[in-house]
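Residue indices begin at 1 and follow the sequence shown. Here the structure is a predicted model, which is why all the values come from computation and not from measurement.
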Amino acid sequence: MYRIPILRMGRSLLVTIQIDMEDQTAMALQDDLAEQISKTGANGVLIDISALEIVDSFVGRMLAGISGIGQILDATTVVVGMQPAVAITLVELGLSLDGVKTALNVTRGLALLEASAEGDALVE
């Protein structure tokens, strides 16, 4: 089974999905991310899906699940690079990805994570 690499960038984790994910790969990513968030204390997760041309309902639910796990572990998740066809498919499948923050590209996604971290710092 292929494992998707998780890279650390400062206080955030970066995941770049370069392959169409099978269910096993998606489940492994969810587990690996939860472990890495806990291990590193990351406060943000950036998931780049710009290479994905097809997303099924399982992968859509997995993205929402990762966001929920991140929230519980005190990390904001931002999905970036969603292609229009993927967005249309998710809507047609009835998946709104509640709680998942999105941005058009990595630059905007990082800005969202930084703004979220600054807001958290103000609350503390």
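Taking all atoms of both residues into account, the shortest heavy-atom contact from Ser12 to Leu113 is OG-CD1, 3.8 Å. Summarising the geometry of Gly109 relative to Val78, their closest heavy-atom pair is CA-CG1, 3.9 Å, with the distance given to 0.1 Å. For the residue pair Gly70 and Thr77, the shortest heavy atom distance occurs at CA-OG1, 4.4 Å. Taking every heavy atom of both residues into account, Ile37 and Ala75 meet most closely at CG2-CB, 4.0 Å. Residue Val55 comes nearest to Leu90 through the heavy atom pair CG1-CD2, 3.7 Å, listed as atom of the first residue, atom of the second, then distance. Looking at every heavy atom in both residues, Ile19 comes nearest to Tyr2 through CD1-CD2, 3.2 Å.
Here Lys101 contributes atom NZ and Thr76 contributes atom OG1; the two are 5.0 Å apart, rounded to the nearest 0.5 Å. Between the CG atom in Leu63 and the CE atom in Met21 there is a gap of 6.0 Å [rounded to 0.5 Å]. Atoms OG1 and CG, from Thr16 and Leu7 in turn, are 6.5 Å apart once rounded to the nearest 0.5 Å.
Residues that satisfy the side chain to side chain contact (heavy atoms under 4.5 Å, CB included) test with Met9, not counting sequence neighbours, are Leu14, Leu110. Take Arg108 and apply the side chain to side chain contact (heavy atoms under 4.5 Å, CB included) test, not counting sequence neighbours, and it matches Ala103, Leu104, Asn105. Shown here are the side chain to side chain contact (heavy atoms under 4.5 Å, CB included) partners of Thr40, two or more places apart in sequence or in another chain: Arg8, Leu13, Gln36, Ala42. Contacts of Ile69 classified as side chain to side chain contact (heavy atoms under 4.5 Å, CB included), with partners at least two apart in sequence or in another chain: Gln30, Ala34, Leu73.
Leu52 is connected to Val100 through a chain of hydrophobic side-chain contacts under 4.5 Å among Ile, Leu, Val, Met, Phe, Trp and Tyr, so both are in one cluster. The hydrophobic clustering, which links ILVMFWY residues whose side-chain heavy atoms are closer than 4.5 Å, places Ile49 and Val106 apart.
Sorted by first and then second residue, the salt bridge (charged side-chain N to carboxylate O under 4.0 Å, His left out) pairs involving residues 23-32 (not counting sequence neighbours) are Arg3-Asp32. Within the structure, salt bridge (charged side-chain N to carboxylate O under 4.0 Å, His left out) pairs that include any residue of residues 36-60 do not occur (at least two apart or interchain).
Of the candidates Leu112, Thr107, Leu46, Ile47, Val80 forms a side-chain contact (heavy atoms from CB on, under 4.5 Å) with just one, namely Leu46.
A heavy-atom distance below 4.5 Å is not found between the side chains of Ile66 and Val15. Contact check for Phe58 versus Met27: side-chain heavy atoms found under the 4.5 Å cut-off.
With a 6.0 Å radius and a threshold of 12 heavy atoms from other residues, nucleotides or ligands, Ile54 has its CD1 atom at or below the threshold.
Using modelled atom types, one side-chain atom of Gln83 and one backbone atom of Ser50 make a donor-acceptor pair closer than 3.5 Å.
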